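Please read the structure below before turning to the comments.
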Amino acid sequence: MSLTEQELVRRQHLDALREAGIDPYPAAEWETTHHAADALAAYSDEANDPEAEGTEPIQVRIAGRMQTKRVMGKAAFFHVADESGTIQVYARRDDLEDGWYNAVFKKLLDPGDWLGIEGTLFRTRMGEVSVHASRIVLLSKSLKPLPVEKTVTDEETGETRTFNEVTDPDFRYRQRYADLALHPEVRDVFKKRARMLRTIRDFLDSRDYVEVETPALQPLYGGAAARPFTTHHNALDMPLFLRIADELYLKRLLVGGFEGVYEIAKDFRNEGLSRFHNPEFTMLELYVAFRDYDWMMRLVESMLERIATDLHGTTDVTWGEHTLSFAAPFRRLPIFEAIADKTGHHLRGKTRDEVAEIARQLGLEVDGSMGLGKLIDEIFGEFVEPHLIQPTFITDYPVELSPLAKRHRTEEGLVERFELIAGGKELCNAFSELNDPLDQRQRFEDQVTLAKEGDDEATNTVDEDYLRALEYGMPPAAGLGVGIDRLAMVMTNQPSIRDVLLFPLLRPETGEQPDNGESPLAPYM
RNA sequence: GCCCCUAUAGCUCAGUUGGUUAGAGCAGCGGACUCUUAAUCCGCGUGUCCCAGGUUCGAGUCCUGGUGGGGGCACCA
């Protein structure tokens with residue numbers, strides 16, 4: 001791939017630096033005393049006013065990426081960005097090592113270079129707290145120019161305007177490193193995501209639930225309805241599946257005597273991509289012995305309340321034009337009531353064919369392969385779910401949809417299950433876990449029948465080992481699954497799952513295509 | 001898999017009913033400048049107009065096919 005003029009210029013700078021005896025990629029540690037934000041805070045600390053008579057100037061050593069460079073002959077200003085923010089640096093020829101300013105700083109350093117700066121804090125005539133540099137060290141040379149965005153604050157209105165903002169999603173997702181370097185607010189999203197995960201772990205650990213790890217490579221897949229990725233183990237010469245859920249392994253651990261276990265892990269589902277779906281995604285699963293789905297609703301309320309408060313200081317979370325309230329308790333609504341509210345149709349007790357007719361009346365496409373459960377799910381997904389903006393527990397699903405959930409204690413044909421919907425999307429799925437081994441075997445066999453009838457998401461194998469575990473006796477338990485990515489979307493107000501994944505799945509870039517029949521795929525050049 | 005939108009300089013974008021040499025700002029290059037902040041001033045345009053065909057005297061512009069990206073549908077307990 002040919003280099004642009006700007007890339008060539010930077011390579012020339014690199015060569016010139018080496019000729020001048022400056023290592024553009026030095027190994028030695030550059031110990032810092034401050035981040036940019038700390039330095040600014042230190043200066044504005046009124047208890048130690050640095051502008052008061054007789055006060056010693058504050059010495060700082062900082063490190064960061066050079067932003068725009070404004071050279072005015074024998075002095076220059078530039079900003080340096082580190083993880084905390086930016087701070088301006090004032091570099092004067094006569095304050096730096098002899099000849100260095102003209103020969104190195106002006107000619108060979110470029111925006112994007114990583115620099116170490118030593119100096120004292122002062123306030124410029126324009127009022128900006130800055131570092132008056134006594135020493136500037138190149139820490140790492142940048143050979144490829146980052147796009148230049150400039151943000152201006154209008155002094156009268158206080159409004160900020162950004163020029164040349166990089167908005168191309170292709171660029172931002174593919175070159176996430178550049179997106180992050182350019183956009184501190186994108187880094188903030190991922191810091192919030194990390195904090196959310198830490199809150200979840202704190203919350204669960206404080207209840208003495210044990211974080212465990214179960215296989216991602218599985219000889220049989222199960223625990224959800226989804227098509228798996230398949231792979232192959234060479235030494236054992238056997239096919240393996242990437243997990244679509246952790247559920248069946250975690251419940252084996254309840255049999256083994258753990259009373260609370262959870263796992264935060266990637267699941268893999270071989271399905272389409274969308275604003276809400278990535279083929280690999282992060283799932284929290286939690287199983288607690290001797291509890292039921294009612295109890296689990298209260299736990300979820302309490303956990304989400306805490307996540308919202310930790311991230312935002314309040315249970316109110318902005319979601320597009322809405323404000324979601326995660327203050328407990330959340331609304332609870334049986335699925336049949338929810339459907340009746342939105343469509344006027346009471347489906348409880350109706351036969352498969354009656355529901356199919358209603359679905360047709362509502363304008364849904366119905367075909368003969370759709371069972372009662374599937375039809376109800378379709379109606380719910382089309383007419384109810386998108387309208388559930390505030391956090392809402394939808395409860396008591398038809399048994400056909402839930403082969404791993406316990407039958408409802410009083411309602412025939414239903415299971416003790418809930419989903420939490422917020423922002424019009426499913427965030428959690430939970431139930432009182434089915435622990436009757438004989439009922440479980442029957443439901444697995446029903447799934448196998450569905451698979452044979454052509455449902456390519458039904459599991460086509462009975463997991464005999466799981467049934468063996470259940471036969472030893474699994475305590476009654478409540479189980480929960482939380483889509484961490486979707487929760488992160490809601491908690492950080494991001495419209496696409498790609499905005500809460502550092503590296504969402506994209507097609508590989510096609511490289512330069514020499515007309516020689518070689519592979520067109522050259523992802524990273 | 002289907003439908004719609006979209007692709008022009010490193011970045012953000014303009015480009016007329018098809019018209020001859022494809023432009024602007026920022027970035028970059030050369031020069032001036034010791035408190036600037038989209039620094040300013042003087043000079044310089046750096047391009048596979050996503051790709052491949054086609055229509056035409058002539059295509060960035062129109063047509064067909066393809067590729068990347070976005071949105072929607074389908075799929076997704």
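Given the structure is predicted, the values throughout are model-derived calculations rather than measurements. Here is how names work: the chains are called A, B, and so on, in the same order as the sequence lines, proteins then strands, and each is numbered from 1.
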Exercise. In the strands shown, is A38(B) matched to any nucleotide by a Watson-Crick or G-U wobble pair with both distances under 3.5 Å, and which?
Worked result: none
Problem set entry | Integer angstrom distance from the P of A22(B) to that of C50(B) | 15 Å
Exercise. Only one of R70(A), Q67(A), M126(A) forms a side-chain contact (heavy atoms from CB on, under 4.5 Å) with Q88(A), so which one is it?
Worked result: R70(A)
Exercise. C41(B) and C26(B): how far apart are their P atoms, nearest whole angstrom?
Worked result: 9 Å
For this session: Quick one: label E128(A) by what it contacts on the DNA or RNA (base, sugar-phosphate, nothing), any heavy atom closer than 4.0 Å.
Result: base
For this session: Name the nucleic acid region contacted by R123(A), choosing base, sugar-phosphate or nothing; use a 4.0 angstrom heavy-atom cut-off, strictly under.
Result: nothing
For this session: Searching all strands shown, indicate the nucleotide that pairs with A74(B) (Watson-Crick or G-U wobble; both distances under 3.5 Å).
Result: none
Exercise. When we call it a touch if two heavy atoms are under 4.0 Å apart, what does F122(A) touch: a base, just sugar-phosphate, or nothing?
Worked result: base
For this session: Could you check whether S402(A) gets within reach of a base, just the sugar-phosphate, or nothing at all, counting any heavy atom under 4.0 Å?
Result: nothing
Exercise. Within this structure, what is the NZ-to-P distance between K74(A) and C33(B), rounded to whole angstrom?
Worked result: 5 Å
Problem set entry | Test: K69(A) cationic atom under 6.0 Å from F105(A) six-membered ring centre, within 45° of axis | yes
Exercise. Of the candidate nucleotides G10(B), A77(B), C76(B), which contains the atom at the shortest distance from the side chain of T4(A)?
Worked result: G10(B)
For this session: Take atom P in C13(B) and the same atom in C57(B), then report the distance between them in whole Å.
Result: 37 Å
Problem set entry | Nearest-angstrom distance from the residue atom CZ of F276(A) to P of A74(B) | 14 Å
Exercise. For L506(A), which contact category applies under a 4.0 Å heavy-atom criterion: base, sugar-phosphate, or nothing?
Worked result: sugar-phosphate
Problem set entry | Gap between atoms CG and P, on N102(A) and G31(B) respectively (whole Å) | 11 Å
Exercise. C33(B) P sits how many Å from Y101(A) OH, rounded?
Worked result: 11 Å
Exercise. Is there a donor and acceptor pair closer than 3.5 Å between the side chain of D168(A) and the base of G69(B)?
Worked result: no
Seminar exercise, completed: Between R498(A) and F431(A), whichever has its closest RNA chain B nucleotide further toward 5' is R498(A)
Problem set entry | C1' spacing across the pair A27(B) / C11(B), given as an integer number of angstrom | 7 Å
Problem set entry | Distance between P atoms of G28(B) and G71(B) (Å, rounded) | 33 Å
Exercise. A24(B) and C5(B): how far apart are their P atoms, nearest whole angstrom?
Worked result: 31 Å
For this session: May I have the distance from H79(A) (atom NE2) to U36(B) (atom P), rounded to whole angstrom?
Result: 13 Å
Exercise. What nucleotide among A27(B), A77(B), U46(B) has an atom nearest to a side-chain atom of E5(A)?
Worked result: U46(B)
For this session: Indicate yes or no: at least one non-hydrogen side-chain atom of E280(A) is less than 4.5 angstrom from one of L501(A).
Result: no
Problem set entry | Check: D267(A) and F281(A) side chains under 4.5 Å, non-hydrogen atoms | yes
Exercise. Does R174(A) have a side-chain nitrogen or oxygen under 4.0 Å from the phosphate oxygens OP1 or OP2 of G69(B)?
Worked result: yes
For this session: Please state whether the rings of Y90(A) and F122(A) are parallel, tilted or perpendicular, taking 30° and 60° as the class boundaries.
Result: tilted
Exercise. Which whole number of Å gives the distance between the P atom of A52(B) and that of U61(B)?
Worked result: 12 Å
Exercise. What is the pairing partner of A24(B), taking Watson-Crick or G-U wobble pairs with both distances under 3.5 Å in any strand?
Worked result: U12(B)
Exercise. With both distances kept under 3.5 Å, what pairs with G19(B), Watson-Crick or G-U wobble?
Worked result: C57(B)
Exercise. Is L480(A) close to Y262(A) at the side-chain level, that is, under 4.5 Å between some pair of heavy atoms?
Worked result: no
Exercise. For N164(A), which contact category applies under a 4.0 Å heavy-atom criterion: base, sugar-phosphate, or nothing?
Worked result: base
For this session: State which of G68(B), C33(B), U37(B) makes the closest approach to the side chain of M126(A).
Result: U37(B)
Seminar exercise, completed: Whichever of P147(A) and L273(A) has the more 5' nearest nucleotide on RNA chain B, that residue is P147(A)
For this session: Provide, to the nearest angstrom, the distance between the CD atom belonging to E149(A) and the C1' atom belonging to C13(B).
Result: 14 Å
For this session: Return the nearest nucleotide to the side chain of R70(A); candidates are A77(B), U37(B), G69(B).
Result: U37(B)
For this session: Answer yes or no on whether R252(A) is positioned over the face of Y249(A), meaning its NZ or CZ is under 6.0 Å from the six-membered ring centre and within 45° of the axis.
Result: yes
Exercise. So, is K374(A) close to the C76(B) phosphate, meaning a side-chain N or O under 4.0 Å from OP1 or OP2?
Worked result: yes
Exercise. Across the strands shown, which category fits R417(A) at heavy-atom distances under 4.0 angstrom: base, sugar-phosphate, nothing?
Worked result: sugar-phosphate
Exercise. Under 6.0 Å from the CD atom of E412(A), do we count more than 12 heavy atoms belonging to anything else shown?
Worked result: no
For this session: Look at the side chain of Q88(A) and the base of U36(B), then say whether one donor and one acceptor between them are separated by less than 3.5 Å.
Result: yes
Seminar exercise, completed: note: M72(A), atom CE; U37(B), atom P; distance rounded to Å ~ 8 Å
Exercise. To the nearest angstrom, how far is F171(A) atom CZ from C11(B) atom C1'?
Worked result: 8 Å
Problem set entry | P atoms of C62(B) and G18(B), separation to the nearest Å | 8 Å
Problem set entry | Sugar-phosphate only, base, or nothing, as touched by H13(A) at under 4.0 Å among non-hydrogen atoms | sugar-phosphate
